[in-house]
Amino acid sequence: MKSFLTRSILAVGLVAACPLYAVADDTIVIRTEHDAPSTSLTHRLLTEMAEDLKTETDGRIQLEIHSGTSLSGGKINTMIQNLQTGNEELALVASAYFSNIDPRLNVMSLPFMNGSIDDIEYLARESGVMDQVFADQQSKNIVVVDAWSRALRQIVNSKRTISTPDDMKGLRFRVPEIKLWVDAFKALGAVPVPMPFSEVVTALQLGTIEGGERPTEFLRTEAWWDMARYVTMANYTGDVLMVAFNKPFWESLDQADQELLTTKLQELGDKTFEAEKSMEAGVLETLREDGMEVTELTPEELEQFRAAMQPVWESYGGVIGTDLIAAAQSALATR
């Protein structure tokens, strides 16, 4: 289906072995973790798939799903460590966070490179550009079987309309603890404040920050109209969820179970992509109905933001690899 997936599975060897992670009655319980809220699209669709999988295998394969990185104390980096060490068997890992381990993954999140969820979907799952990068994660003790696209990220604040980089200057924004995104806000003249999302509401109330940035869907599920008035639909960056298994666990499965899990997760990736796309218009309507001022950037305004990102792109050329960046740009230009 997706070319890198086939190669990843074959590279692991499709080992037929005793299912080391199964309980005595041969039931395989797969501890599964993701970083989205329990109210999110990701959690809902993953829960539906888990029920289908349980039914299809007569209860033999069960996914034990943990939302909001609750298995890892709310910390994405801890979730990654738990996946690598085998404290959980399956995780949906944000590529932007995993870029701390493999900096090449920053290519998915270069600010203002992907103009839409269609772009990031093509780059991650269809273009072939990321195939080797995903396959290489086996050396980090994980096996990536798919990459789920999700809504790109928007800019929210409580002070003023933002339609140009100048409007960002001096405003304090909560930014995830991801260096590339911190550097992007600095380049726009804003003051990035890296912090866990759990601290955002209090920080806004205390005036420690004046805004933040969130994926489109989360603007609704987190009720941002209660926290800020202005939202700019910038699609400024994004990332994908690497659907990844702990490698020793994966190798403990027989080939039929590997193929079943891969197929189910790829099908869910397709379903998630279509659902993410269809919900975007509804989110904008909800935000406006609940009193937010929504700014949609014109092509000319977007170009100003892209121009402001040139120093960031140049500084990350050596980190990501100029050949990989060029391949991504070429793929998007010709898709």
Practice task
Side-chain contact test, heavy atoms from C-beta onward, threshold under 4.5 Å: evaluate it for Y230 versus T295 and give yes or no.
Solution key: no

Fill in the blank from the handout: Between V156 and F173 the two heavy atoms that sit nearest each other are O-CE2, 3.4 Å

Problem - Atom pair NE2 (H66) and CE (M79), whose distance is rounded to the nearest 0.5 Å - result: 12.0 Å

Problem - Salt-bridge contact R153-E213 (side-chain N to carboxylate O under 4.0 Å) - result: yes

Exercise for the section: Report whether L92 and M279 are members of the same hydrophobic cluster (ILVMFWY, side-chain heavy atoms less than 4.5 Å apart, transitive linking). Expected result: no

Practice task
Go through the side-chain N and O atoms of D166 and T164 and say whether any donor and acceptor fall under 3.5 Å apart.
Solution key: no

Problem - Sub-4.5 Å side-chain heavy-atom contact between F98 and M108 - result: no

Handout entry: Check ion pair R288-E296 (N to O, under 4.0 angstrom)
Key = yes

Practice task
Please check if any side-chain donor atom of N82 sits under 3.5 Å from a side-chain acceptor atom of E33, or the reverse.
Solution key: no

Completion exercise
When rounded to the nearest 0.5 Å, the distance separating CG of L265 from CG of D270 is 11.5 Å

Handout entry: Expected output: side-chain N235 to main-chain G115 donor-acceptor under 3.5 Å
Key = yes

Practice task
Indicate yes or no for a side-chain donor-acceptor contact from T27 to the backbone of R60 under 3.5 Å, with no hydrogens or angles considered.
Solution key: no

Completion exercise
When every non-hydrogen atom of V319 is compared with those of S315, the smallest separation belongs to CG2-O, 4.2 Å

Handout entry: Residue pair E210 / S158, side-chain donor-acceptor N/O under 3.5 Å
Key = no

Problem - Single-linkage hydrophobic cluster M309~L123, side-chain heavy atoms < 4.5 angstrom - result: yes

Output side-chain donor-acceptor pairs under 3.5 Å for residues 181-200, partner residues at least two apart or in another chain, one line each.
from : atom 1 : to   : atom 2 : distance (Å)
W181 : NE1    : T237 : OG1    : 3.4
D183 : OD2    : K179 : NZ     : 2.8
D183 : OD2    : Y316 : OH     : 2.7

Practice task
Look at E89 together with R31 and state whether they make a salt bridge at an N to O cut-off of under 4.0 Å.
Solution key: yes

Problem - Main-chain N/O of S149 paired to R125 side chain as donor or acceptor, under 3.5 Å - result: no

Practice task
Indicate yes or no for a side-chain donor-acceptor contact from S72 to the backbone of G74 under 3.5 Å, with no hydrogens or angles considered.
Solution key: no

Practice task
Taking all heavy atoms of M233 and all of L219, pick out the closest pair and write down the distance.
Solution key: SD-CD1, 4.5 Å

Practice task
Could you tell me whether a side-chain N or O of T85 sits under 3.5 Å from a main-chain N or O of Q81, the two making a donor and an acceptor?
Solution key: yes

Practice task
Would you please say whether a donor-acceptor pair under 3.5 Å links the side chains of D119 and N114?
Solution key: no

Problem - Distance (rounded to the nearest 0.5 Å) between L268 CG and F273 CZ - result: 14.0 Å

Handout entry: Note: K277-E274 ion pair, threshold 4.0 Å (strictly below)
Key = no

Handout entry: Electrostatic pair K271-E267, nearest N-O below 4.0 angstrom
Key = no

Problem - Where Q258 and L253 come nearest, the two heavy atoms and their spacing - result: NE2-O, 3.7 Å

Problem - N246 side chain to Q84 side chain, donor-acceptor N/O pair below 3.5 angstrom - result: no

Problem - K264 and E56 ion-paired at < 4.0 Å - result: yes

Exercise for the section: May I ask you to decide if E301's main-chain N or O and Q304's side chain share a donor-acceptor pair within less than 3.5 Å? Expected result: no

Exercise for the section: For the pair R214 (side chain) and I155 (backbone), establish whether a donor and an acceptor sit closer than 3.5 Å, ignoring hydrogens and angles. Expected result: no

Exercise for the section: For T57 and I61, work out which heavy atoms get closest and say how close. Expected result: OG1-N, 3.1 Å

Practice task
Measure the shortest side-chain to side-chain distance between T208 and R172 over non-hydrogen atoms and say whether it is less than 4.5 angstrom.
Solution key: no

Exercise for the section: Would you indicate whether the side-chain heavy atoms of K159 and L171 approach each other to under 4.5 Å? Expected result: yes

Problem - Side-chain heavy atoms of W224 within contact of D290, under 4.5 Å - result: no

Exercise for the section: Would you mind reporting whether L71 and E88 have side-chain heavy atoms less than 4.5 Å apart? Expected result: yes

Practice task
Look only at the side chain of R174 and the backbone of G212, and say whether a donor-acceptor pair between them is shorter than 3.5 Å.
Solution key: no

Problem - Cluster check V294, L152: I/L/V/M/F/W/Y, side chain < 4.5 angstrom - result: no

Practice task
Identify whether V175 and I209 are in the same connected component of the hydrophobic contact network (ILVMFWY, side-chain heavy atoms under 4.5 Å).
Solution key: no

Handout entry: Test item: I30 and Q62 side chains (from C-beta on) under 4.5 Å apart, heavy atoms
Key = no

Practice task
Measure from the side-chain N and O atoms of S40 to the backbone N and O of A36, and report whether any donor-acceptor pair falls under 3.5 Å.
Solution key: no

Problem - Residue pair I320 / R104: nearest heavy atoms and the distance that separates them - result: O-CG, 3.6 Å

Practice task
May I have the step-by-step check of side chain to side chain donor-acceptor pair (under 3.5 Å) for E280 and T216, ending in yes or no?
Solution key: CA-CA 7 Å; E280 287 189 355; T216 305; 4.5 Å; no

Handout entry: N/O donor-acceptor pair under 3.5 Å between Q137 side chain and V133 backbone
Key = yes

